[in-house]
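Since this is a predicted model, take the numbers as computed values, not measurements.
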Amino acid sequence: MTNNIYFIANWKMYGGTSSLSNLNKLINLSKLKKYSKAKIIYFPPFTLIHNFINKVKRSKISVGGQNCHHVKNYGSFTGSISPKMLKDLGCKYVILGHSENRTAGETNDDINKKIKSALNKNLKIIFCIGETLLEKRNKITHSVLKKQINHGLKGIKNFRNILIAYEPVWSIGTGIIPKENELNLNIAKIRKLISKKTKIKLPILYGGSVNDKNINNLKNISGIKGFLVGSASQKTKKFIDIIKKTIN
Ligand code: PEP
C-alpha cells in the first residue's frame, strides 16, 4: 500500500460552470512538495467532468464520476453514463455504492455488476459501504458491512484498483460523526472482512460530515487512509483546511 492520503471531494448534484474558478488555490497546493502525499480526487456532477479535467490537467488532481451504469460500453439507457464514457472523458475513478444511490434502490447486486464493469474499463473504484441509523440501533452494523462487502465484491479477483469508503449513513450530511472506539471497531471489522478476500491492504477511507473542525480528531484514527468529503468539499477553503490539518 502506498503512503498516499486520499481526499475525495464529492460534489453530489451541486455546482455550475462558474464553480470551478475557486479551484486555483487547491491546484497550487497540490503542487507543493509538502502535500505530495495528498491524493486529491474530485467527483463533480457529470455535467462538469469535462470542465474539471481541463482545469486540473497540469496538476496531480484526478477526476472521477459519481456513479456509472453496469453496462460497460454503450446501450439504450436514457440518462445513464457508462464506464467507457467516463474513461473517454479522462476520469480515473468512479464512486460506487454511495448510500444516496442505495437509498434510491441500488442493490448490492447492482453495485457488484457496476464494479466489475468499471474495473474492466480500468477505472479505480471508491466502493462505499455503511450502516443506516436503524441498523446501528439494532446492533447489526457488522453483519450489514459483511453483506455489503461480500455481495459487492463477489467474484472479483483483482483488488488492486479498489478503495473502500466507510460511510455510516447516519453521519452523511448530519454533522454527527462516530465515536472514536466505534470507528476503530468498524474499521477493524472491514479490514478483517477484506483480508479474507485479498492479501492486498486496500485503503480504507472514512466519509460522513468530515469538516475543517472535526478533522483534527478524525486524522488520528489509525487505519484510515483518507476522507470522502461531501458538503465541506464544495467550499474550497474548507477542503484546503482539511488537507492542511491532516498533513501538517
Ligand atoms: C458523502 O457525500 O458521501 C458525504 C460524506 O457527505 P457529507 O460530507 O456532506 O456528510
Is there a donor-acceptor pair closer than 3.5 Å between any side-chain N or O of E131 and the backbone N or O of K136? no

Roughly how far, to the nearest 0.5 Å, is OG of S59 from CG of N28? 9.5 Å

For T107 and D110, does a side-chain donor sit closer than 3.5 Å to a side-chain acceptor? yes

If I take atom CD1 from residue I125 and atom CG from residue L163, how far apart are they, to the nearest 0.5 angstrom? 9.5 Å

May I ask you to check whether N24 and K55 show a side-chain donor-acceptor distance below 3.5 Å? yes

Taking K84 first and then D88, would you say they form a salt bridge - that is, a charged N and a carboxylate O separated by under 4.0 Å? no

Does N4 use its side chain to pair, donor to acceptor, with the backbone of Y6 at less than 3.5 Å? no

K87 atom NZ: more than 12 heavy-atom contacts under 6.0 Å: yes

Under 4.5 Å between side-chain heavy atoms, hopping through other hydrophobics if needed: is there a path connecting L185 to Y166? no

Within a 6.0 Å radius of atom NZ on K121, are there more than 12 heavy atoms belonging to other residues, nucleotides or ligands? yes

Would a line drawn from the ring center of Y42 to the ring center of Y93 be shorter than 6.0 Å? no

At what distance, to the nearest 0.5 angstrom, does CD1 of I177 lie from CG of N217? 6.0 Å

Starting at CG of L193, measure out to CD1 of I129 and round the result to the nearest 0.5 Å. 8.0 Å

Around atom CZ of F77, are there more than 12 heavy atoms from other residues, nucleotides or ligands closer than 6.0 Å? yes

Take atom NZ in K116; do more than 12 heavy atoms of anything else shown fall under 6.0 Å from it? yes

Do N150 and K196 pair up side chain to side chain, a donor and an acceptor below 3.5 Å, judged on atom types alone? no

Angle class for the F227/F7 ring planes (parallel below 30°, perpendicular above 60°, tilted otherwise)? tilted

